[in-house]
Number of protein chains: 2
Amino acid sequence: MTSANPVTTTIQRKETYAQKRARAIAAAASVFAERGYHGATTKDIADRLGIRQGSLYYYFKSKEEALEEVCILALRDYVHAMEQITSSSLSFGEKIFHIVHSHLSSYRDDNEALKVHNDQRLYLPEERRERIKKDGSRYRVMLEDLFHQEVLNGTMPADTDCQFAAQSVIGLCNAWGALIIRDPLLDVEDLTQKCSTMVLNGFHHQHP
Amino acid sequence: MTSANPVTTTIQRKETYAQKRARAIAAAASVFAERGYHGATTKDIADRLGIRQGSLYYYFKSKEEALEEVCILALRDYVHAMEQITSSSLSFGEKIFHIVHSHLSSYRDDNEALKVHNDQRLYLPEERRERIKKDGSRYRVMLEDLFHQEVLNGTMPADTDCQFAAQSVIGLCNAWGALIIRDPLLDVEDLTQKCSTMVLNGFHHQHP
DNA sequence: GCGGCATTCTATAAATCAATAGAAATTCAG
DNA sequence: CTGAATTTCTATTGATTTATAGAATGCCGC
């Protein structure tokens with residue numbers, strides 16, 4: 001055997017293509033989130049990367065491909081977190097809490113990819129949209145199943161509409177997510193607590 | 001007195017400028033809803049009206065003005081409906097029901113102006129955005145006050161965060177609204193029932 | 001029918017933008 | 001150092017788009 005492969009043993013002094021491309025996707029996410037897909041220009045993205053407009057095409061075949069990549073990125077971590085939570089041994093209430101927390105946190109910490117997925121994905125042509133749709137549906141179905149399980153357990157009314165419940169949780173989180181991005185003062189921990197409580201028990205209204 | 005004003009007594013054989021402009025705003029709303037503000041062209045709007053691109057400028061000084069008008073239109077009816085409901089003698093639960101119903105219905109019936117307001121208003125420059133912001137806030141505050149009143153009545157926990165509650169109801173309705181527009185099969189009456197119940201009592205989860 | 005006003009059209013200016021081709025620069029192994 | 005591969009740059013093309021100016025058309029009262 002010859003000496004160990006320098007690629008894996010040498011300290012990396014230069015970013016790989018994949019790493020630089022990942023930064024390009026993040027830059028695209030940021031710009032798309034701020035100005036929308038059509039409102040953003042390839043120059044905006046290039047500027048954020050410190051390269052020229054034309055150079056961007058070394059990483060993307062088209063602006064459209066950049067949007068698709070942003071959407072794929074957004075869903076990857078998002079779905080992964082959901083898988084971790086639903087397969088854990090937490091109680092139902094705790095799972096909901098973690099799901100909401102993970103969802104809201106991603107708006108604060110991550111990049112703006114999730115917002116771009118929510119707001120701009122419909123501007124993708126059919127074919128590209130289909131490709132990312134699967135992951136989005138998977139997320140919704142996992143949440144749906146979580147509710148469904150709870151109905152079978154008897155800890156939720158038998159007539160609960162689990163599709164409605166799942167979609168509502170997602171919608172609520174996305175609505176607050178949009179606000180979280182725009183208002184740095186919003187406290188994710190506090191919102192997580194309030195959203196989970198609301199989902200499970202509403203605002204506790206008592207008939208007078 | 002001379003003969004009665006023909007404008008008011010004669011059967012209208014021709015649309016007034018205001019009416020035609022209103023149709024232009026509706027066309028803009030429709031196109032903006034479908035393609036987004038930046039993705040829509042003035043030609044798209046003109047096509048939907050059956051006029052030429054240049055002729056559109058008889059009704060708008062700019063594309064930007066068209067977007068502002070769409071947002072103003074969206075909020076006018078929206079705020080008006082809220083005023084009617086909150087000032088009525090309905091019970092709290094009924095009011096929430098009507099508010100949700102009015103909100104969701106507007107996505108089904110009206111034009112797509114409300115969706116445009118939600119998704120595209122941030123692309124307006126500061127000054128124009130400020131002008132429409134007031135109406136949006138008014139809606140939220142009215143809803144907030146409704147919750148606040150209920151806390152004072154003692155039919156809701158004293159520590160209820162009314163701002164959170166109001167924003168959540170709006171967010172939930174907007175999330176479902178976006179789905180309603182895309183899926184004609186969704187039943188607004190059914191969704192209204194489920195959304196109101198969820199807001200008031202959550203999904204009735206019982207600790208096992 | 002005529003004069004004036006309202007409405008729409010044609011044609012075009014000016015700016016912007018995505019995408020490409022090929023040259024330059026950088027990096028790196030031998 | 002040298003040559004090849006990678007990465008970035010320059011320069012440009014072609015298409016699109018907003019907005020304007022001025023001409024043409026339609027409409028209405030008289």
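On a predicted model such as this, the values are computed, not experimentally measured, just so you know.
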Describe the nucleic acid contact of [X] in one word from base, sugar-phosphate, nothing, applying a heavy-atom distance below 4.0 Å.
| X | answer |
| --- | --- |
| A40(B) | sugar-phosphate |
| S55(A) | base |
| F60(B) | nothing |

Take the protein atom [atom1] of [X] and the nucleotide atom [atom2] of [N], then report the distance between them rounded to whole Å.
| X | N | atom1 | atom2 | value |
| --- | --- | --- | --- | --- |
| E64(B) | dT18(D) | CD | P | 12 Å |
| R23(B) | dT8(C) | CZ | P | 9 Å |
| E15(B) | dA6(C) | CD | P | 17 Å |
| Y58(B) | dG22(D) | OH | P | 18 Å |
| Q53(B) | dT8(C) | CD | P | 14 Å |
| Q19(B) | dT7(C) | CD | C1' | 15 Å |
| R21(B) | dT7(C) | CZ | P | 13 Å |
| H38(A) | dT16(D) | NE2 | C1' | 13 Å |

Give the ring-plane orientation class for Y139(B) versus Y78(B), where under 30° counts as parallel, over 60° as perpendicular and anything between as tilted.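 Judged by the thresholds at 30° and 60°, the geometry between Y139(B) and Y78(B) is parallel.
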
Answer yes or no: is there a donor N or O on one side and an acceptor on the other, between the side chain of D145(A) and the main chain of M142(A), under 3.5 Å?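 No, because the side chain of D145(A) does not come within donor-acceptor range (under 3.5 Å) of the backbone of M142(A).
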
Using modelled atom types only, decide if a donor and an acceptor are shared between the side chain of K20(A) and the backbone of Y59(A) within a distance under 3.5 Å.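 Looks like no, no N/O pair under 3.5 Å.
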
Nucleotide of [options] approaching [X] most closely (side-chain heavy atoms):
| X | options | answer |
| --- | --- | --- |
| K20(B) | dT18(D), dT8(C), dT6(D) | dT8(C) |
| I51(B) | dT8(D), dC9(C), dA18(C) | dC9(C) |
| R52(A) | dC9(D), dT8(D), dT8(C) | dC9(D) |
| K63(A) | dA19(C), dT8(C), dT8(D) | dA19(C) |

Compare all side-chain heavy atoms of E150(B) with those of T160(B) and state whether any distance is below 4.5 angstrom.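 No, every pair of side-chain atoms sits at 4.5 Å or beyond.
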
Cation-aromatic face contact K63(A)/Y37(A), 6.0 Å, 45 degrees: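 Output yes; distance and angle both within limits.
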
Any side-chain N or O of Y59(B) less than 4.0 Å from the OP1 or OP2 oxygen of dT8(C)?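 Yes, because at least one side-chain N or O of Y59(B) sits under 4.0 Å from OP1 or OP2 of dT8(C).
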
